[in-house]
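In what follows, every heavy atom counts, from backbone to side chain, and hydrogens, waters and symmetry copies are set aside.
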Amino acid sequence: MSEQEKRDNAAQKESVSSDKKAKAPKKKDKKPNRVLRWLKDLKGELKKVTWPSAKDTAKNVGVVIVCVIIVGICIWVFDYLAHAVVGALLKLFG
């Protein structure tokens, strides 16, 4: 086989392999499958959750409101005392 025939054969093989590559099916984007799988898993996990009753929820809301009021009163007292101390210092040195 001559050198020219070898080159022709090699070029022909490359064109055939490039045609195969071009005709190969493209991979589909798997994001929709991921999203659907995630949603199915989410639904399954939410079924496992023990949801609180309305009575428990109301009780917890009451506890949160009481705690917010107590913290608010503590901040108000601290602010009042700080204001009184700063006012007394200003009268003393002013």
Which Ile, Leu, Val, Met, Phe, Trp or Tyr residues join L90 in one cluster when any pair of side-chain heavy atoms under 4.5 Å counts as a link? V86
In a table with atom names and distances, give each donor-acceptor pair under 3.5 Å that connects a side chain of residues 46-55 to protein atoms at least two apart or in another chain.
residue	atom	partner	partner atom	Å
K48	NZ	E45	OE2	3.3
S53	OG	D56	N	3.2
S53	OG	D56	OD2	3.4

By side-chain contact (heavy atoms from CB on, under 4.5 Å) - contacts of L81 (at least two apart): V77
So the side chain to side chain donor-acceptor pair (under 3.5 Å) pairs with at least one residue in residues 66-90 (sequence neighbours excluded) are none
Members sharing I70's hydrophobic cluster, built from side-chain contacts under 4.5 Å between Ile, Leu, Val, Met, Phe, Trp and Tyr, are V66
Among all residues two or more places apart in sequence or in another chain, which pass the side-chain contact (heavy atoms from CB on, under 4.5 Å) test with L92? none
